[in-house]
Protein chains: 2
Amino acid sequence: MGQSVTAFAPATVANVSCGFDILGFAIDRLGDKVSVSFNQEGILRVTGIEGDEGKLPLEPEKNTCSVAIQAMLNKLGSKQGIDIFLEKGLPLGSGMGSSAASAAAALEAANVLLGNPFTKEELVPFAMESERIACGSAHADNVAPSILGGFVLIRDYDPLDMVKLPVPEGIFCTLVHPHIELKTSDSRSVLRKQISLKESVMQSGNIAGFIAALYKSDLALLSRSLKDVIAEPSRALLIPGFYELRDAIKSIGSLGSGISGSGPTIFVLSPNGDIAHEAGEKAKEVFQKIGLGVDVYVSEVNKRGAFIVSR
Amino acid sequence: MGQSVTAFAPATVANVSCGFDILGFAIDRLGDKVSVSFNQEGILRVTGIEGDEGKLPLEPEKNTCSVAIQAMLNKLGSKQGIDIFLEKGLPLGSGMGSSAASAAAALEAANVLLGNPFTKEELVPFAMESERIACGSAHADNVAPSILGGFVLIRDYDPLDMVKLPVPEGIFCTLVHPHIELKTSDSRSVLRKQISLKESVMQSGNIAGFIAALYKSDLALLSRSLKDVIAEPSRALLIPGFYELRDAIKSIGSLGSGISGSGPTIFVLSPNGDIAHEAGEKAKEVFQKIGLGVDVYVSEVNKRGAFIVSR
């Protein structure tokens, strides 16, 4: 075994309210670590996983890390053997982009191991292949911010068109993860297939306002724009405490809240760390009242995405 | 009769493709002029209209200029008598914001006549009252850019939430007005009331990309984002030559096209004046082939909105 490279990739929030299906952003500190090294056997393999309570597959064709790196090797036409070791820092199936963080960290590490053949942007399609395995669709709204950092718009998939957006100074996120299980398939099945023209226009207006707010650093506009009339009305019903928390954080000066990914995690955006922590306390109160355990993470919005920890 | 104040307000493009119902922008030079002066009779009246071929009403409760100024006077609690004279520079019912330009010019002039009691932003709700009379709904996506200039996002109406957006340097518009009559009511009736979730997500992605493109001055992104999957597929069928023109202007480097307002005017955005003029020539060719007369206007995107011509 030769040189080892270790990368970290952050948790992400996708389906950012009015940015349903097109917008994601990255969190600081919370995330997954992946170490990669060459092996002499000429095979791609997952040598171990920590922190997943034995739930994640080691088979290279099912593991998000190896699927992502395989896509990269295919692009290079390489049959290089690589060992992969994954340290999960993220809870599975929480709506925090757990599978995306693993793939992003794996790609960041493997890219360095292989001598940086790709830009960060070029890594995104490889990570999308692993999302296809993990989630059933090759979506980019978690993997792109996990790799690139900040807010990332996925304008289109055919071809992939990403726009990295500015992050207003001081903006913090509180992630609230209630201890309930919510299957992505259930969260998907409640979505309406048809929506009214009026709702679509409202959603357009809000995402347009949100994007302008990021460029203007206009947090009042950002707050007014943080509304999802498409997915949230259906999905929030699957998350007890969602509306109680939304109301509770309004009174303390938070900018707004929404469902992270397909839930059950709820994200709250705040203009600074103090309010973000206070939002976390409000969340604990709300979920204690309804008798549900909850994990709370407070973090700045991450601007740098995946990065190398050691090599 | 005392002091007279004359203002000009520009033509505008509303329903800017992916910005259906939420985005408008202003044109240079082409527009309406309104002169106002105090009268001693204590009544609000339209003393004359030029350039409308006798089609516009003089009755104060039906004329867009007087309706707008009446809304302003009501807000002030004033019973001041004002004479209004309108010079139409815009064709009626063309989809170029003709009624909006009249109201905007009237308000700009009256505001100065009355000693500037209102900011430009505060004039918009008065102009919306005249749109209610002229178009049946108090929409702001023509009046706001006609008053404020540039690209204006109408994020919401309850309450009115407008965002003035940056105008990329050098961007030009070609307005193509085919000589067909298209009633707003017909143009409205073809709109679908329900759309698919997928279409709504596409529209959101495109308007988000368009807004980002304005802030980044990224004309390639602007061009990729200039797609309307909501209204255009239905409305374009009512405008002969629409798709032929769209294809013709792509080959010369224009950024894209769309239906202005509810049509029949088509707008083409171009990265500079030369290409905008060439787009105009292409338009003449296209409409000559299908045997339709056409008026073509080429203009920069206007950044200043309504302004005082003389006082």
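Per chain, numbering begins at 1; letters A, B, ... match sequence-line order.
- Across all non-hydrogen atoms, the minimal contact from Y215(B) to K164(B) is OH-O, 4.3 Å.
- Contacts between I195(B) and chain A at a heavy-atom distance below 4.5 Å involve backbone atoms as well as side-chain atoms.
- With a 4.5 Å cut-off on non-hydrogen atoms, D161(A) touches chain B through its side chain but not through its backbone.
- For chain B, the nearby parts of L197(A) are the backbone and the side chain; heavy atoms of each come within less than 4.5 Å.
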Practice prompt. Decide yes or no on side chain to side chain donor-acceptor pair (under 3.5 Å) for S200(A) and S200(B), but give the supporting numbers first.
Written response: CA-CA 6 Å; S200(A) 178; S200(B) 178; 3.3 Å; yes
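- Ranked by heavy-atom pairs shorter than 4.5 Å toward chain A, the options K193(B), R224(B), R192(B), Q203(B) are led by R224(B).
- Interface remark: V201(A) contributes backbone and side-chain atoms alike to the contact with chain B (heavy atom separation under 4.5 Å).
- Taking the six-membered ring where the residue is Trp, F25(A) and F151(A) present tilted rings, their angle falling between 30° and 60°.
- Looking at L23(A), neither its backbone nor its side chain comes within 4.5 Å of chain B, counting heavy atoms on both sides.
- Most heavy-atom pairs under 4.5 Å with chain A, from the set A208(B), P166(B), G19(B), G209(B): that is A208(B).
- By number of non-hydrogen pairs under 4.5 angstrom with chain B, the leading residue of L165(A), D156(A), L221(A) is L221(A).
- Around atom CE of M202(B), no more than 12 heavy atoms belonging to other residues, nucleotides or ligands sit under 6.0 Å away.
- When each of S204(A), A231(A), S225(A) is checked for heavy-atom pairs under 4.5 Å with chain B, S204(A) comes out on top.
- Residue N206(A) touches chain B through both its backbone and its side chain, counting heavy-atom pairs closer than 4.5 Å.
- Under the 3.5 Å distance criterion, the side-chain polar atoms of S223(A) are matched with a main-chain donor or acceptor of L255(A).
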Item to complete: Dump the intermediate steps for side chain to side chain contact (heavy atoms under 4.5 Å, CB included) on V124(B) and V152(B), then the final yes or no.
Response: CA-CA 12 Å; V124(B) 174; V152(B) 181; over 6 Å; no
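- In this structure a side-chain-to-backbone donor-acceptor pair under 3.5 Å is missing from T12(A) to A26(A).
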